[in-house]
K.L.:
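What follows is a single structure, and I will ask about it in a moment.
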2 protein chains.
Amino acid sequence: MNPPDRPERHGATQSSLREHNLGLVARTVGASGRPITRADVAHLTSLTRPTVSRLVDDLIAARVIVELPTAPTEGAGRPGIPLAPASGTLVALGLEVNVDYLGGVVVDLTGAILAARVEPRDLRASEPAAVLADLKHLATGLAARATAAGASVVGAGIALPGLVDSDGSRLRLAPNLGWRDIDPRALVNLDDLGPAPIVANEADLAALAEASLMRSTDPAARSFIYVSGEIGIGASIVLGGVPFRGRHGWSGEIGHMRAQAGGPPCRCGSTGCLEVFAGTASIAAAAGIDTANDGADAMGAVRAAAEAGDDAAVAAIRRAGAALGAVLADVVNLLDIPMIILGNRYASLATLLEPAIAEALTARVLSAPWAPPAVRPALSGERSAMIGAARSVLDTVLADPAAWMARTAPRA
Amino acid sequence: MNPPDRPERHGATQSSLREHNLGLVARTVGASGRPITRADVAHLTSLTRPTVSRLVDDLIAARVIVELPTAPTEGAGRPGIPLAPASGTLVALGLEVNVDYLGGVVVDLTGAILAARVEPRDLRASEPAAVLADLKHLATGLAARATAAGASVVGAGIALPGLVDSDGSRLRLAPNLGWRDIDPRALVNLDDLGPAPIVANEADLAALAEASLMRSTDPAARSFIYVSGEIGIGASIVLGGVPFRGRHGWSGEIGHMRAQAGGPPCRCGSTGCLEVFAGTASIAAAAGIDTANDGADAMGAVRAAAEAGDDAAVAAIRRAGAALGAVLADVVNLLDIPMIILGNRYASLATLLEPAIAEALTARVLSAPWAPPAVRPALSGERSAMIGAARSVLDTVLADPAAWMARTAPRA
DNA sequence: CGGTATTTGTTATATGGTGTAACTTATCGC
DNA sequence: GCGATAAGTTACACCATATAACAAATACCG
């Protein structure tokens, strides 16, 4: 997602120039929510109109963007031809393995979901090879459907619930699956689907999906903390639209930051971890909700109980919110990223958790008087990790369309 | 230091190409510890020899790099001409205001300190306008000396002990100086010394100096946490050689992260802050060292006492180390940056603090079994913030030598 | 209803930076 | 002293963008 500390970059040649501008035009068309003309792109990028025209022609030929039927005109002068990212031409697969399901989506450059398939299944203590073989089966099925519909599959991304090395070569540990030291790429083996799949942590990819949704609503907010509530608690630190993964790719382990002195021991071996107070299992237990059979909707039950005035549920949420707030205050003091997104299972609890979180933040964040941190539920829903996985693949095309064009037409 | 969330970048033209490669060559020569030839640069950058030659000629004309007398040759073939950053030609001023002194250095592209001047002075509760006027006086004196020696001053950087907005336009709060809401650029007014000076937090600039020192010893380690011990405790998060400043420029406030529940109240109004347990004033007090008259060397006295076996001093250091370790464990869990540099007043205590810090880190950092975090005293010494301030200005020249060349020869 | 202003998109040409190939220069090894 | 080898330079081709001029399509105005 981001490169590890690289020593020094490469020299730029004329073709790098072209690649750069090609990507710039593609991203400019893609990022601007509504269709824009070649002239608009020229203004936005400070490139000249002839240059933009040339680049746009190539991108149209590569099926990255399309010309729309000329819209109802306005103002003087010749009306421009609206351009938009192509829909249904280039697509990516977003796959995910999680505790209680396994699934995949097909997403195109507009962000539309062309196909989806989710198989609920209890994957606690499962066999990695078998599960990932099933995932491959699911993926090839989706890919076949997409190509049948005339789309080209540019690649696949895989979201996993655990510590993934930053280059995606290795899943070190997935506590809830009971997996350890897996090579996901070898086991899924999607070599026929283009380049090596992107493999990353589920929270980071969900955050990426959130980032592209936020780009439409609030283009200024390109950095935030995405908190993913589950049995464990993960976070993704998004800087300028890109998750920051750390030295090895293991950043964001806020579940084991200290929330409170003492308390029951955490399964990590330490005490006082946030997870003990604000993990979904812990919230459910404190609220007196049975979580054994129906983990997915336990938070819905807690919410319902709390809204009905159940004391245990209210107290459980308050305790979780206070713990989250204490930890997040430290995070904001450390990073000065005053925007917190509550995602995954937390999304439905967000309005209830907010008061306690906000209270802790205003009490402890040094800069709160000048710039009070914002706390918000995630915009993206259930399948955000899969969507983010696909998005991350499509982003590589948008970042360097020339590479994709070279791949698709090596007939020179 | 790093830009705030920018919406979208500019289109690249042929001159951007040139600027990029000019900077790349300059940085390649500058970063490689020892002199290298044009052919070496070509190999390292993947540019061709003719291109490198052209760029090098321009950089020599601009006095950014120089040809050295041809060295004792080795191996077959025509010996190359060694290139190195020019010494004494282009220099930057690094200035600093801190609690008990005010000073400046003149640094050239090789990192050599050509001149320095430090005036000890008690600046607690001082008058900003008067102090910064004195700083301007000091700066112009240093600049005059530099130009008299034949150097061109490319600009100035100013290090301040407080919350500085990320664009350097405003010092929000410097608790130890008693300053609040200052426009440092207007008050220092160094307009005749090139472009607007870079203004930033003292810890961030010291970290930058540390980063360039580490580049020589360990080029792989481009990301680390620099902890600056003082009455307050600041930190700079260096990612890929660049301090990360956060949304407003106020990142790194670890002094007010929670170290321990309860404890005496912090002057920030909260309780349990790290500063209460590990700030230098607090360490000195706990060790029973009088800090009133001689704050600068109080840590030396604590160290001496601890090494002599004084119980109070040993306990004070142990308490501070445990608190630091607890907070830093959270930081490493959050960011996965397993390298911690103890700087400023902590540097001399580092060997004594390390055991307690390391103990807390191994106990609480999730990834410690795979990748134990490293804890190290800072390499850079007393004047690191000033040096970093100058360095940051010189880095702008290295990043874009074309801009400097345009400034110096606008005779077209 | 026709002419003008205005803006989009295209075409033709100029500019400029890098790559390629060949050449010159300088050293080593025999 | 001669060939091998590598550094640096020169001459030229290539290619991407800028500039300028032009064609096309609409609105505005008399």
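Chain identifiers are assigned alphabetically (A, B, ...) following the order of the sequence lines, protein sequences preceding nucleic acid strands; residue numbering begins at 1 within each chain. Everything quoted here is computed from the prediction, not taken from an experiment.
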K.L.:
If the sugar-phosphate is the primed atoms plus P, OP1 and OP2 and the base is the rest, what is the B/S/- string for nucleotides 20-25 of chain C, using protein heavy atoms under 4.0 Å?
P.N.:
BB---B
K.L.:
Return the set of residues passing side-chain contact (heavy atoms from CB on, under 4.5 Å) with A:P401 (not counting sequence neighbours), or none when no residue passes.
P.N.:
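Per chain and number, A:P401 pairs via side-chain contact (heavy atoms from CB on, under 4.5 Å) with A:L22, A:A26, A:L59, A:M405.
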K.L.:
When you list every nucleotide of DNA chain D with an atom under 4.0 Å from a heavy atom of chain A, which one comes first 5' to 3', and which comes last?
P.N.:
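For DNA chain D, the relevant span reads D:dC14 to D:dA27.
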K.L.:
B:R49: what forms a side-chain contact (heavy atoms from CB on, under 4.5 Å) with it, not counting sequence neighbours?
P.N.:
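For B:R49 the side-chain contact (heavy atoms from CB on, under 4.5 Å) partners, ignoring immediate neighbours, are B:A39, B:A42.
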K.L.:
Taking only residues two or more places apart in sequence, or in another chain, which ones meet B:L213 in a side-chain contact (heavy atoms from CB on, under 4.5 Å)?
P.N.:
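B:L213 satisfies side-chain contact (heavy atoms from CB on, under 4.5 Å) with B:L379, B:S380 only.
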K.L.:
Check the distance between C:dT18's P and B:D57's CG and give it to me in whole angstrom.
P.N.:
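It is 13 Å, rounded to the nearest whole Å.
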K.L.:
How close or far is atom C1' of C:dT10 from atom CG of A:D58, stated in whole angstroms?
P.N.:
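Distance, rounded to whole Å: 15 Å.
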K.L.:
Using salt bridge (charged side-chain N to carboxylate O under 4.0 Å, His left out) as the criterion, list what pairs up with B:D58, not counting sequence neighbours.
P.N.:
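For B:D58, the residues satisfying salt bridge (charged side-chain N to carboxylate O under 4.0 Å, His left out) (neighbours in sequence not counted) are B:R18.
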K.L.:
Can you name the residues that form a salt bridge (charged side-chain N to carboxylate O under 4.0 Å, His left out) with A:D191, not counting sequence neighbours?
P.N.:
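None.
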K.L.:
Which whole-number value in Å describes the distance from A:H10 NE2 to C:dG19 C1'?
P.N.:
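Rounding to the nearest Å, NE2 of A:H10 and C1' of C:dG19 are 16 Å apart.
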K.L.:
Under the side chain to side chain donor-acceptor pair (under 3.5 Å) rule, collect the residues that match up with A:T37, sequence neighbours excluded.
P.N.:
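If we apply the side chain to side chain donor-acceptor pair (under 3.5 Å) test to A:T37, skipping adjacent residues, the hits are A:D40.
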K.L.:
Of A:P79 and A:A12, whose closest DNA chain C nucleotide lies nearer the 5' terminus?
P.N.:
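Its nucleotide being nearer the 5' end, the pick is A:P79.
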K.L.:
Within residues 14-21 of chain A, find the residues that approach DNA chain C with a heavy atom at under 4.0 Å, and present them sorted by residue number.
P.N.:
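Listed by number, they are A:Q14.
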K.L.:
Which residues satisfy the salt bridge (charged side-chain N to carboxylate O under 4.0 Å, His left out) test with B:D395, sequence neighbours excluded?
P.N.:
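Partners of B:D395 by the salt bridge (charged side-chain N to carboxylate O under 4.0 Å, His left out) criterion, ordered by chain and then number, come out as B:R391.
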K.L.:
Taking ring-ring contact (aromatic ring centres under 6.0 Å, His included) as the definition, give me every residue that meets it alongside A:H248, ordered by chain and number, with sequence neighbours left out.
P.N.:
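Applying ring-ring contact (aromatic ring centres under 6.0 Å, His included) to A:H248 gives A:W250.
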K.L.:
Given 3.5 Å as the limit, does a donor-acceptor pair link the side chain of B:D204 with the main chain of B:S236, or not?
P.N.:
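Between the backbone of B:S236 and the side chain of B:D204 there is no qualifying donor-acceptor contact (under 3.5 Å).
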K.L.:
Would you call B:V41 and B:V56 a side-chain contact if the rule is heavy atoms closer than 4.5 Å?
P.N.:
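Sidechains of B:V56 and B:V41: no contact.
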K.L.:
Can you check the B:R38 CZ to C:dA26 C1' distance for me, whole Å?
P.N.:
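My rounded result for the distance is 15 Å.
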K.L.:
Per the side chain to side chain donor-acceptor pair (under 3.5 Å) rule, what does the pair list look like for residues 60-70 of chain B, sequence neighbours excluded?
P.N.:
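Sorted pair list: B:R38-B:E67, B:R63-B:S152.
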